[in-house]
Participant: 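There's a structure below that I have some questions on.
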Protein chains: 2
Amino acid sequence: MELEKDLFGKCPYTTAQKVLSGKWSIMILYHLGIKTMRFGELQRQLPDLTQSTLTKQLRALEDYGLIERTIYPQVPPKVEYSLSDIGIKFQKVLAELAIWGNDYIKTLQKKEL
Amino acid sequence: MELEKDLFGKCPYTTAQKVLSGKWSIMILYHLGIKTMRFGELQRQLPDLTQSTLTKQLRALEDYGLIERTIYPQVPPKVEYSLSDIGIKFQKVLAELAIWGNDYIKTLQKKEL
DNA sequence: CGGTATCCTATCGGATACTG
DNA sequence: CAGTATCCGATAGGATACCG
């Protein structure tokens, strides 16, 4: 995933779509919205993706500017991931997404009855 | 894209992510939120995807239950796409997404200066 | 008009193994 | 601890051509 600089002029939806295209973007943004986390802690929250996949997804979100990576120069290494300003603003979308997602699941369940 | 029936028990975010994974889902949902449209009209709004791709994306959204397809038995054929109840509810997410998307574009532009 | 049916390719996510 | 390097398979999406 590589950041495209020519997002300007594009519509907000297309832009959002690109940023959210990563399979784990939403989940990562959700967890970092709860609190800043170290790599390992984040990985424990998301047991279904491997270390290398998590790294790639984090790099993508970092390139897009949604999250920030802070490296503490020490041994053993400590790296913290947190939301950027624009990442924090995304929490509003997540909130609506959560409401809708629960609603959607309920709808599916009714159909099954 | 095939609908998975075992979404139950999953978190709302994972569910939402699956539904939104289609490259054009958001754009389609946005346009159908404005008004019910025929296939051709929708295609004119989205010049960047081919007919076959549009068909696939529409089928996926239909399978997920977000949109409804109404076929009017006449010649030439007339098919209308509209939002389902849960699709209408998704407009709230889209609204937040639009706000955020515009914000994000502004942020990027500032960085470029 | 509103599709199918094929085929093809790029990319993305995952598995695995190794490292400062 | 937090990565990187490499490889690999699945699949989503696009191009093209044809159809009721």
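So that the names make sense, note that chain A is the first sequence line, chain B the second, and so on, each numbered from 1.
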Participant: For A/Leu58 and D/dA2, what is the distance between atoms CG and C1' respectively, to the nearest whole Å?
Facilitator: 11 Å

Participant: In whole Å, what is the span from the CD atom of B/Glu80 to the P atom of C/dG3?
Facilitator: 12 Å

Participant: Which distance, rounded to the nearest 0.5 Å, do you find between the OG1 of B/Thr107 and the CH2 of B/Trp100?
Facilitator: 8.5 Å

Participant: Between A/Arg38 and D/dA2, is there a side-chain N or O to OP1/OP2 distance below 4.0 Å?
Facilitator: yes

Participant: If I take atom NZ in residue A/Lys23 and atom C1' in nucleotide C/dT11, what distance separates them, rounded to the nearest angstrom?
Facilitator: 14 Å

Participant: Is it true that A/Glu80 and A/Lys35 make a salt bridge, defined as a side-chain N closer than 4.0 Å to a carboxylate O?
Facilitator: no

Participant: Starting from P on D/dG3, measure out to CG on A/Leu42 and report it in whole angstrom.
Facilitator: 10 Å

Participant: Does C/dG3 have OP1 or OP2 sitting under 4.0 Å from an N or O in the side chain of B/Tyr81?
Facilitator: yes

Participant: Hey, does the side-chain of A/Gln43 have a donor or acceptor N/O within less than 3.5 Å of a partner on the base of D/dA2?
Facilitator: no

Participant: Can you tell me how far C1' of D/dA2 sits from NZ of A/Lys78, to the nearest Å?
Facilitator: 13 Å

Participant: What's the verdict on side chain to side chain donor-acceptor pair (under 3.5 Å) for A/Thr50 and A/Thr53, showing C-alpha distance, side-chain angles and the deciding distance?
Facilitator: CA-CA 5 Å; A/Thr50 62; A/Thr53 300; 3.0 Å; yes

Participant: If you compare every side-chain N and O of A/Gln57 against the phosphate oxygens of C/dG13 (OP1, OP2), does one of them come in below 4.0 Å?
Facilitator: yes

Participant: Starting the side chain at C-beta, find the nucleotide from D/dG3, C/dG2, C/dT16 nearest to B/Val79.
Facilitator: C/dG2

Participant: Drop me the distance from A/Cys11's SG to B/Met27's CE, to the nearest 0.5 angstrom.
Facilitator: 4.0 Å

Participant: I want to verify a distance call: between D/dG14, D/dT4, C/dG3, whose nearest atom is closest to the A/Arg59 side chain?
Facilitator: D/dT4

Participant: Any side-chain N or O of A/Thr53 under 4.0 Å from OP1/OP2 of C/dG14?
Facilitator: yes

Participant: Give, for atom CG of B/Leu49 and atom CD1 of B/Ile28, the distance between the pair rounded to the nearest 0.5 Å.
Facilitator: 6.5 Å

Participant: Figure out the CD1/C1' separation between B/Ile71 and C/dG2, and round it to whole Å.
Facilitator: 10 Å

Participant: Find the distance A/Glu41:CD to D/dG3:C1' and express it as a whole number of Å.
Facilitator: 17 Å

Participant: Quick check for you: among C/dG14, D/dT16, C/dG20, whose closest atom lies nearest to any side-chain atom of B/Thr50?
Facilitator: D/dT16

Participant: Less than 3.5 Å between a donor and an acceptor, one on the side chain of B/Lys56 and one on the base of C/dG3, is that the case here?
Facilitator: no

Participant: What is the distance from CG of A/Leu61 to P of C/dC12, rounded to the nearest Å?
Facilitator: 13 Å

Participant: Specify the residue among A/Pro76 and A/Ser52 whose closest nucleotide of DNA chain D lies further upstream toward the 5′ end.
Facilitator: A/Pro76

Participant: For D/dA2, take OP1 and OP2 only and decide whether either is under 4.0 Å from a side-chain N or O of A/Arg69.
Facilitator: no

